[in-house]
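Here is the structure we will look at.
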There are 2 protein chains.
Amino acid sequence: MTRIDAVDLFLLQVPDFNTARDPVKDTLLVRVRAGQHEGWGECEAAPFVSLAAFLTPESHDTCRPVGASVLGMRLDDPMNIAEISRRVATNSMNVLQAPHVYSGVEMALWDALGKRLGEPVYRLLGYEKAFPKQPYVVAPFAPTPEETYLRTRDVVRAGYRAVKTGWSGFGNGEFTADRDQLAAARDGLGPEGRLFLDAARVWGNNVAAAKSYSHLLDQFGVEWVEEPFDATALGAYAEFSHYHGRKRLAAGENVNSVFQARQLLDVGDIGIIQIDCGRIGGIAAGKEVALYAERRGASFVNHTYTSHLALSASLHSYAGLERQGLCEYPIDHTALSWAICDDHLLMRGDGTIRVPEKPGLGIAIDGKSLQNYLVDLEIKFGSAVLYRTPFL
Amino acid sequence: MTRIDAVDLFLLQVPDFNTARDPVKDTLLVRVRAGQHEGWGECEAAPFVSLAAFLTPESHDTCRPVGASVLGMRLDDPMNIAEISRRVATNSMNVLQAPHVYSGVEMALWDALGKRLGEPVYRLLGYEKAFPKQPYVVAPFAPTPEETYLRTRDVVRAGYRAVKTGWSGFGNGEFTADRDQLAAARDGLGPEGRLFLDAARVWGNNVAAAKSYSHLLDQFGVEWVEEPFDATALGAYAEFSHYHGRKRLAAGENVNSVFQARQLLDVGDIGIIQIDCGRIGGIAAGKEVALYAERRGASFVNHTYTSHLALSASLHSYAGLERQGLCEYPIDHTALSWAICDDHLLMRGDGTIRVPEKPGLGIAIDGKSLQNYLVDLEIKFGSAVLYRTPFL
């Protein structure tokens, strides 16, 4: 019988980060030790707050520390992870931050369990085999259409055939400026490439504004538009879905529960759900949404702009679903997210990414590189030391 | 022009708390200083995690510390608070814990602004006058029906005419045991008293189980049943509402956004929405839900089991709504929550509670008592001190 002996959290931060240069300034890595095995996971957002949710002193009955539901539990079988997930959901129901930190913990549990059982995580999830995915790269609007053209062209020259553009400034200025930017992205990508647009919630709750862009999206062959509205504007999603086409409407990166994802699909009537396993509560939650989307005839794709450890975790969650053939793929070799992994999921000659077949998540951590980013953190609560950065 | 000069957080904890004896083990108080004025607020849940959300180092664009959206902002007008709330919602969108800490901060902003303008908060919210509310007291099932009878009778002897029972163990054992407990509560309360039942999510998603209790609730004149289902089981709420009666179904204490509250009303079709201003994002958010409920012909009631500072904040949010005449009322004089306030909203001869007419929230804090509970906390992040318990 294997027990979870230790869960260590490591807060990493880019030294002297620059807000403009470093979209990813920090991260929270999780190391689980269970018997002879070690697993790693990554939490996606607000690492310090997530760390606090893991180790907070006991509060109300429904505000217990996430750590208390994990430490000492069995880890011999996928059912053990399901049981831990239920404990966290109940005991930390009113720690709003809990799903974010548990996301990374759950990844690390799967990684450790996979190593213990000698199986890649996707097999433990019940998938027979892993299907390759086509990577799409995020290349937001540059300051000028000329630069957007060059940026997109560079992505194509690196071998990618699918690009997500938009975001920085999209929808906030002149319609003609957006048209020129989209035209530049399409030019850089070429007529055959798959083009997606991130609207970054620019229209809030305003369906008319979104509709006024529908024709432009047709003109430049934009396959789907992502997050045109606020996460809670489900009525706006449904109305625009009816107008622009359900299969051309994507959202989901910000959801932190299976329930919220289902609402986007059921009430918002979107056709593409984008899930970050580093936010939604882990790999099993991602899989649950993927299966739900399939049953509804919708598409599932990961949301990942952090490390290839998080990428691998997300890929495992829908690895066995052949119809779900796309993946969001982080390529920034200069980033903290790249540095912390020893292994990377590189694109193959056929233009696809493969889910690792090694036991667990199949991504080794670069301990030496971690040292360059590790924050020395100490929390004293009364006379007790609640947290001190552990040894790597 | 008044600016927000300082926002100080104080984490309080019952020394050597006992989980069974102390349902409220800790709390997070917020002190705002703006010019010559000082305001206080209270956050409801998981104080250490909420503190972390306030002062976390900058992370992704949507993961900024709550404090950065508040400090230095203007505080001359209610519109200034609305603007700060918008900033927090945008800049801390992906700090899941943000609504919990901002709830206490927003209360403190209203308290300080009320003092600056010499008005009680309800007037700043646009209410002409404050209507009295009938207090109901929470008296959960005791271990035996005999004790439940005595407990309820004691509440009646103290002058209260409305009681919420249930919770501890309700629905988890034999139907006959629940029947005996409910009978004992009704006996203790007398035939005229208003009786409510807290089901504490015991039926999860199981409408049939809830239906099997409907007749029992009739038998003992239970005015409404609270939280029969999980917060996300909106379909179960709607189905049971149709069966048992919309005006006899209450929920909402755990919601942390106006959106979630509206979903309970619109999709769950409940008739009573229970809002904790210490969780939903503050007093203005509570008011928004109260007005929305009125428009739908539903009832609004506060959820409060912390201090009378939090009680006052919640009362101000619906003070001017005459039709909303009930309030949840904490009475435990031995608790941390009681000790930290110098003023308490005591029941008057006519059996009602009055919203304070003093400027701000109208509740003074007992600084000396606070010292008995104040946790000495220090957070070092790299070479910086991120937090050290401030002077009171």
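Because the structure is predicted, anything quoted here is derived from the model rather than measured. Throughout, protein chains are lettered first and strands after them, A, B, ... in sequence-line order, and every chain is numbered starting at 1. The figures that follow rest on heavy atoms only: side chains count, while hydrogens, waters and symmetry mates do not.
Using a 4.5 Å cut-off between heavy atoms, A:E44 contacts chain B through both its backbone and its side chain. In this structure, chain B has no heavy atom under 4.5 Å from any part of A:S50. Proximity to chain A is limited to the side chain of B:R279, based on heavy atoms less than 4.5 angstrom apart. In this structure, chain B has a heavy atom under 4.5 Å from the side chain of A:R201, while its backbone stays farther away. With a 4.5 angstrom heavy-atom cutoff, A:F381 touches chain B via backbone and side-chain atoms both. Only the side chain of B:V375 comes within contact range of chain A, with at least one heavy atom under 4.5 Å from a heavy atom of that chain. Using a 4.5 Å cut-off between heavy atoms, A:D61 touches chain B through backbone and side chain atoms alike. For A:E58, the parts lying near chain B are the backbone and the side chain together; criterion is any non-hydrogen pair under 4.5 Å. Using a 4.5 Å cut-off between heavy atoms, A:Y387 does not touch chain B at all.
Checked options A:T56, A:L51, A:L96, A:L55; the residue passing with B:V49 is A:T56 (criterion: side-chain contact (heavy atoms from CB on, under 4.5 Å)).
For chain A, the option among B:P99, B:G382, B:S383 with the highest count of heavy-atom pairs below 4.5 Å is B:G382. For the options B:T232, B:I379, B:D376, heavy-atom pairs under 4.5 Å to chain A are most numerous at B:T232. Taking chain B as the reference chain and counting heavy-atom pairs below 4.5 Å, the highest number among A:Q263, A:K25, A:Q260 is found for A:K25. Chain A forms the most heavy-atom pairs under 4.5 Å with one residue out of B:R64, B:M93, B:R262, and that residue is B:M93. When B:N94, B:L374, B:N256 are compared by the number of non-hydrogen pairs under 4.5 Å with chain A, B:N94 comes out ahead.
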B:T27 and A:H60: CA distance, side-chain angles, deciding distance, side-chain contact (heavy atoms from CB on, under 4.5 Å) verdict: CA-CA 10 Å; B:T27 191; A:H60 303 339; over 6 Å; no
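For the pair A:H100 (side chain) and B:Q97 (backbone), a donor-acceptor distance under 3.5 Å is absent.
Residues A:A46 and B:S59 approach most closely at N-OG, 3.7 Å, considering heavy atoms.
Heavy atoms from other residues, nucleotides or ligands lying under 6.0 Å from CH2 of A:W338 number more than 12.
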